[in-house]
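Proteins come first, then strands; the chains are lettered A, B, ... in the order of their sequence lines, and each starts at number 1.
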2 protein chains.
Amino acid sequence: MVRRTPKRLDYEKELRRQGVRITRQRSVILAILSETEDHPDALEIFRRASAEDPSISLSTVYRTMKLLGDMGAIHRHAFEGGPSRFEHAGGEHHDHLIDIETGDVIEFKSERIEQLQDEIAKALGYDIVHHRLELYGRKRRAG
Amino acid sequence: MVRRTPKRLDYEKELRRQGVRITRQRSVILAILSETEDHPDALEIFRRASAEDPSISLSTVYRTMKLLGDMGAIHRHAFEGGPSRFEHAGGEHHDHLIDIETGDVIEFKSERIEQLQDEIAKALGYDIVHHRLELYGRKRRAG
DNA sequence: GTCCAGTTGACAGCCAGTTGCAAAACAAAG
DNA sequence: CTTTGTTTTGCAACTGGCTGTCAACTGGAC
């Protein structure tokens, strides 16, 4: 059962409920985030937002990403050798496989790995607050 | 069977063999790296190097870390929310648990997780080139 | 010792991201 | 719809971590 991306208005309603002002700029950015399935960086979000409202500044994009991140509405991923990339939160937890040739990101999930991580941390006397698991790979050529 | 940290001269000999000039500065930095068991960042290495030779510049530390990284003599880790931290290569592969309160780094290894990662990548049609697994946690208070 | 490509320190430049500030805009109250 | 007070914005300046430039210096082959 696939969870569908929340719509723009769901985001806005939820943020308003938390006392966040919905400005024209934030609305545009939220729309972009809720409609995409990829993992754009701040500059890419800025480009897409600019197409819709040329007056939006890159600062505002950065500030909005920070705000949304702090509120838990989006996740920020600092993959190797590039700027942070974002995705809307709300789906299930997952990790990432990054295509080192194209930069494409594939999401995956392994209950078993999560479980092993917990066991390892426990054995070392720690509670995991969060983790980062990224696989960097190259598409296997058939043949 | 624990592999012992290679000594400074081992490093130097190996680098010389690969055609790298061993300067006074590099020698000092290599000594620091081969004698530490922690994961210092460039500034910390600079501080330790300065104590031994005040004329060493931070630029040289950065350049040397890049050089040694490219040669495979050290590993660079970009943990969350901080500068890159380094460790000498030469031990077995391992992953890291980072204490989010102290910044301490604990190394661990899980054959099983590595294996699961390979399986996941394979299932997605990829060959893993490298990966990053970091657990961020807090020491469990005995209660 | 001589020589010169490789290396250095100083410092400018770069990149992703943050911040200070005056002007503009949201939204609550009237 | 207007007023009001706080938030947010665009802009430009700034930051931190790191890389590039360049004249002076130096390791190490001869």
Side-chain angles (χ1 to χ4, degrees), chain A residues 9 11-30 32 39-47 49-71 73-86 103, chain B residues 8-9 11-32 39-47 49-71 73-86 103:
Chain A
L9 292 182
Y11 269 108
E12 296 193 1
K13 200 161 69 181
E14 171 60 15
L15 289 171
R16 224 181 230 107
R17 209 187 53 72
Q18 299 193 43
V20 173
R21 245 184 228 190
I22 302 303
T23 62
R24 181 170 39 84
Q25 294 86 335
R26 287 179 182 170
S27 190
V28 170
I29 292 171
L30 283 168
I32 289 166
H39 298 68
D41 60 24
L43 203 55
E44 176 59 24
I45 292 169
F46 170 65
R47 273 191 286 261
S50 294
E52 201 146 324
D53 176 350
S55 81
I56 285 182
S57 74
L58 183 53
S59 301
T60 294
V61 173
Y62 278 119
R63 276 190 287 234
T64 303
M65 300 327 282
K66 193 171 200 300
L67 174 76
L68 297 178
D70 291 348
M71 311 216 55
I74 60 170
H75 291 309
R76 168 193 301 255
H77 302 292
F79 298 135
E80 281 185 4
S84 291
R85 298 170 64 170
F86 304 90
Chain B
R8 167 188 198 162
L9 292 182
Y11 269 107
E12 296 193 1
K13 198 161 72 179
E14 173 58 17
L15 288 170
R16 224 180 231 111
R17 209 185 54 72
Q18 298 192 42
V20 173
R21 237 182 236 191
I22 303 302
T23 61
R24 182 172 38 84
Q25 294 87 334
R26 287 179 183 171
S27 190
V28 169
I29 292 171
L30 284 168
I32 289 165
H39 298 67
D41 60 24
L43 203 55
E44 175 59 24
I45 292 168
F46 171 64
R47 273 191 286 262
S50 294
E52 201 147 327
D53 176 350
S55 79
I56 284 182
S57 74
L58 183 53
S59 302
T60 294
V61 172
Y62 278 117
R63 278 190 290 235
T64 303
M65 299 328 281
K66 192 172 201 296
L67 174 76
L68 296 178
D70 290 347
M71 311 218 56
I74 60 170
H75 292 309
R76 167 192 303 254
H77 303 292
F79 298 136
E80 281 185 4
S84 291
R85 299 171 63 171
F86 304 90

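A donor-acceptor pair is defined here as one N or O able to donate and one able to accept, closer than 3.5 Å; no such pair exists between the side chain of Arg16(A) and the backbone of Ile22(A).
Considering His75(A), Arg76(A), His77(A), Glu44(A) in turn, Arg76(A) is the only one that fulfils the side-chain contact (heavy atoms from CB on, under 4.5 Å) rule with Phe86(A).
Between the P atom of dT8(D) and the CZ atom of Arg16(A) lies a distance of 13 Å, rounded to the nearest Å. Distance CZ (Phe46(A)) to C1' (dA16(C)): 14 Å, rounded to an integer number of Å. Here dT7(D) presents its P atom at 17 Å from NZ of Lys66(A), a figure rounded to the nearest Å. In this structure, the CG atom of Asp53(B) is 14 Å from the C1' atom of dC25(D), given to the nearest Å. Taking atom CD1 of residue Ile45(B) and atom P of nucleotide dC18(D), one finds them 10 Å apart after rounding to whole Å. Remark: P of dT7(D) and CE of Met71(A) are 14 Å apart, rounded to the nearest angstrom. What separates CG of Leu67(A) from C1' of dT8(D) is a distance of 11 Å, to the nearest Å.
Under the side-chain hydrogen bond (donor to acceptor under 3.5 Å, both in side chains) criterion, Ser59(B) pairs with no residue at all, not counting sequence neighbours.
The residue Ile22(B) sits close only to the backbone: its heavy atoms come under 4.0 Å of sugar-phosphate atoms, none of a base. The residue Leu58(B) sits apart from the nucleic acid: no heavy atom pair falls under 4.0 Å. Leu43(B) comes within 4.0 angstrom of no nucleic acid atom, judged by non-hydrogen atoms across all strands.
Residue Tyr62(A) places none of its side-chain N or O atoms closer than 4.0 Å to OP1 or OP2 of dT18(C).
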Could you list the donor-acceptor pairs under 3.5 angstrom formed between side-chain atoms of residues 78-85 of chain B and any protein atom two or more places apart in sequence or on another chain?
| from | atom 1 | to | atom 2 | distance (Å) |
| --- | --- | --- | --- | --- |
| Glu80(B) | OE1 | His130(A) | NE2 | 2.8 |
| Glu80(B) | OE2 | His130(A) | NE2 | 3.3 |
| Arg85(B) | NE | His39(B) | O | 2.7 |
| Arg85(B) | NH1 | Gly103(B) | O | 3.0 |
| Arg85(B) | NH2 | His39(B) | O | 3.3 |
| Arg85(B) | NH2 | Gly103(B) | O | 3.3 |

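Residues Thr23(A) and Val61(B) both approach DNA chain C. Their nearest nucleotides, taken by heavy-atom distance, put Val61(B) toward the 5′ side. Nearest-nucleotide assignment on DNA chain C puts the 5′-proximal partner with Gln25(B), out of Arg76(A) and Gln25(B).
Counting only residues at least two apart or on different chains, no salt bridge (charged side-chain N to carboxylate O under 4.0 Å, His left out) pair has a member in residues 57-68 of chain B.
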Which atom pairs link the protein and nucleotides 3-6 of chain C when you take only N or O atoms and keep those under 3.5 Å?
| from | atom 1 | to | atom 2 | distance (Å) |
| --- | --- | --- | --- | --- |
| dA5(C) | N3 | Arg21(B) | NH2 | 3.3 |
| dG6(C) | O4' | Arg21(B) | NH2 | 3.1 |

Show the distances under 3.5 angstrom between N or O atoms of the protein and N or O atoms of nucleotides 11-13 of chain C.
| from | atom 1 | to | atom 2 | distance (Å) |
| --- | --- | --- | --- | --- |
| dC11(C) | N4 | Ser59(B) | OG | 2.8 |

Provide a list of protein-nucleic acid N or O atom pairs under 3.5 angstrom, restricted to nucleotides 21-24 of chain D.
| from | atom 1 | to | atom 2 | distance (Å) |
| --- | --- | --- | --- | --- |
| dT21(D) | O4 | Arg63(B) | NH1 | 3.3 |

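Counting heavy atoms from C-beta outward, Ile29(A) and Met65(A) have side chains that approach closer than 4.5 Å.
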